[in-house]
Amino acid sequence: MTEPYNPLDKLNLARSIEVELLGRPMAGFGELGDLSGAGVYAIYYFGPFAAYAPITDGGRPIYVGKAIPKGGRKGGLGANAGVERALRDRLGQHASSIQQATNLESGDFKVRALVVDDIWIPLGENMLIESFQPVWNVVIDGFGNKTPGARRATQFRSPWDVLHPGRTFAEMLAAHPLGVEVFEQRVRDYLAGKAVPLAPEGEGDD
């Protein structure tokens, strides 16, 4: 027996966020206009880095993420949560990371962003990751990392910082035991649909 459609089912809610985001136009990091609020976003790559060639047609994001209101990690439900600069600030951090990398250019990236009621933001991000399995979310960890505290200074540089060196804070971290050639091959294998082994632990979380 076919189950009746339930628009409030968690999966259907998540898909509605995904559809709404994908309906937004792409824009460069410097072309986001008056983006006010928190929500979800997808970043696309159109540049010459050879390993990413299969996704430079704009059909699949290289990274998806969320920007939650201040206090959101502590369960905050402030009245001003929807008018903060969470999305703009988070995307600004990403643009800075890309610009610091020696082999990437921020002008080669486009963004889709969607302001979302804060209670649905994690659900939307999870749906986007599940749908697109973006390479910087799944295989090359570390793009979303921020400056580590002193207690984390002995962790490895992230795979992202090995593949795209240049971020100042990454220089404080221990060299990763795997080299750039390994991570380039992982990207190629992953985008070709091949199984990719996990990297050693200790490189940090997004």
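None of these values were measured; they are calculated from a predicted model.
Heavy atoms only, all atoms of each residue included: Pro61 and Pro134 are closest at O-CB, 3.6 Å. Ile140 approaches Pro159 most closely through the heavy-atom pair CG2-C, 3.8 Å. The shortest non-hydrogen separation linking Leu35 to Ala113 is CD2-CB, 4.0 Å. Heavy-atom minimum distance, Arg167 versus Gly142: NH2-O, 2.7 Å. The shortest non-hydrogen separation linking Lys66 to Arg90 is O-CG, 4.1 Å. Residues Ser158 and Asn145 share a closest heavy-atom pair of CB-ND2, 4.0 Å.
For the salt bridge (charged side-chain N to carboxylate O under 4.0 Å, His left out) test, no residue two or more places apart in sequence or in another chain qualifies with Asp108. Partners of Glu31 by salt bridge (charged side-chain N to carboxylate O under 4.0 Å, His left out), not counting sequence neighbours, listed by chain and number: Lys110. Remark: Asn103 pairs with His164 by the side-chain hydrogen bond (donor to acceptor under 3.5 Å, both in side chains) rule, at least two apart or across chains. Taking the side-chain contact (heavy atoms from CB on, under 4.5 Å) definition, one finds that Asp89 meets it with Arg85, sequence neighbours left out. Residues satisfying the side-chain hydrogen bond (donor to acceptor under 3.5 Å, both in side chains) criterion with Asp189, sequence neighbours excluded, are Gln185. Every salt bridge (charged side-chain N to carboxylate O under 4.0 Å, His left out) that Glu184 has, sequence neighbours left out, goes to Arg188. With sequence neighbours excluded, no residue satisfies side-chain hydrogen bond (donor to acceptor under 3.5 Å, both in side chains) with Thr56. With sequence neighbours excluded, no residue forms a side-chain hydrogen bond (donor to acceptor under 3.5 Å, both in side chains) with Glu130.
Rounding to the nearest 0.5 angstrom, the gap separating the CG atom in Asn137 from the CD1 atom in Ile62 is 10.0 Å. Here the CG-CG distance, from Leu128 to Leu123, works out to 9.5 Å after rounding to the nearest 0.5 Å. In this structure, CE on Met127 lies 11.0 Å from CG on Leu13, to the nearest 0.5 angstrom.
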Can you list, pair by pair, the side-chain donor-acceptor contacts under 3.5 Å of residues 42-51, counting residues two or more places apart and other chains?
residue: Tyr44; atom: OH; partner: Arg112; partner atom: NH1; Å: 2.9
residue: Tyr45; atom: OH; partner: Phe49; partner atom: N; Å: 2.9

Using atom types as modelled, flag every donor-acceptor pair under 3.5 Å from a side chain in residues 18-26 to any protein atom, sequence neighbours excluded.
residue: Glu18; atom: OE2; partner: Ser131; partner atom: OG; Å: 2.6
residue: Glu20; atom: OE2; partner: Arg24; partner atom: NH1; Å: 2.9

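Under the 30°/60° scheme for interplanar angles, the aromatic rings of Phe143 and Trp160 are found to be tilted.
For residues 114-134, there are no ring-ring contact (aromatic ring centres under 6.0 Å, His included) pairs, not counting sequence neighbours.
Of the possible donor and acceptor atoms, one in the side chain of Arg157 sits under 3.5 Å from a partner among the backbone N and O of Ala170.
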Point to revise | Working for side chain to side chain contact (heavy atoms under 4.5 Å, CB included), residues Ser96 and Gln100 | key: CA-CA 6 Å; Ser96 177; Gln100 289 179 63; 3.1 Å; yes
Review point. Between Ile55 and Val135, is a side chain to side chain contact (heavy atoms under 4.5 Å, CB included) present by the stated rule, with each step listed?
Key: CA-CA 10 Å; Ile55 58 171; Val135 64; 4.2 Å; yes
Point to revise | Audit row: Gln99, Phe29, side chain to side chain contact (heavy atoms under 4.5 Å, CB included) steps and yes/no | key: CA-CA 11 Å; Gln99 199 59 43; Phe29 282 111; over 6 Å; no
Practice item. Quick one: do Val64 and Trp136 satisfy side chain to side chain contact (heavy atoms under 4.5 Å, CB included)? Show the steps, please. Key: CA-CA 8 Å; Val64 301; Trp136 284 359; over 6 Å; no
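Judged purely by distance below 3.5 Å, without hydrogens or angles, the side chains of His94 and Tyr41 pair a donor atom with an acceptor atom.
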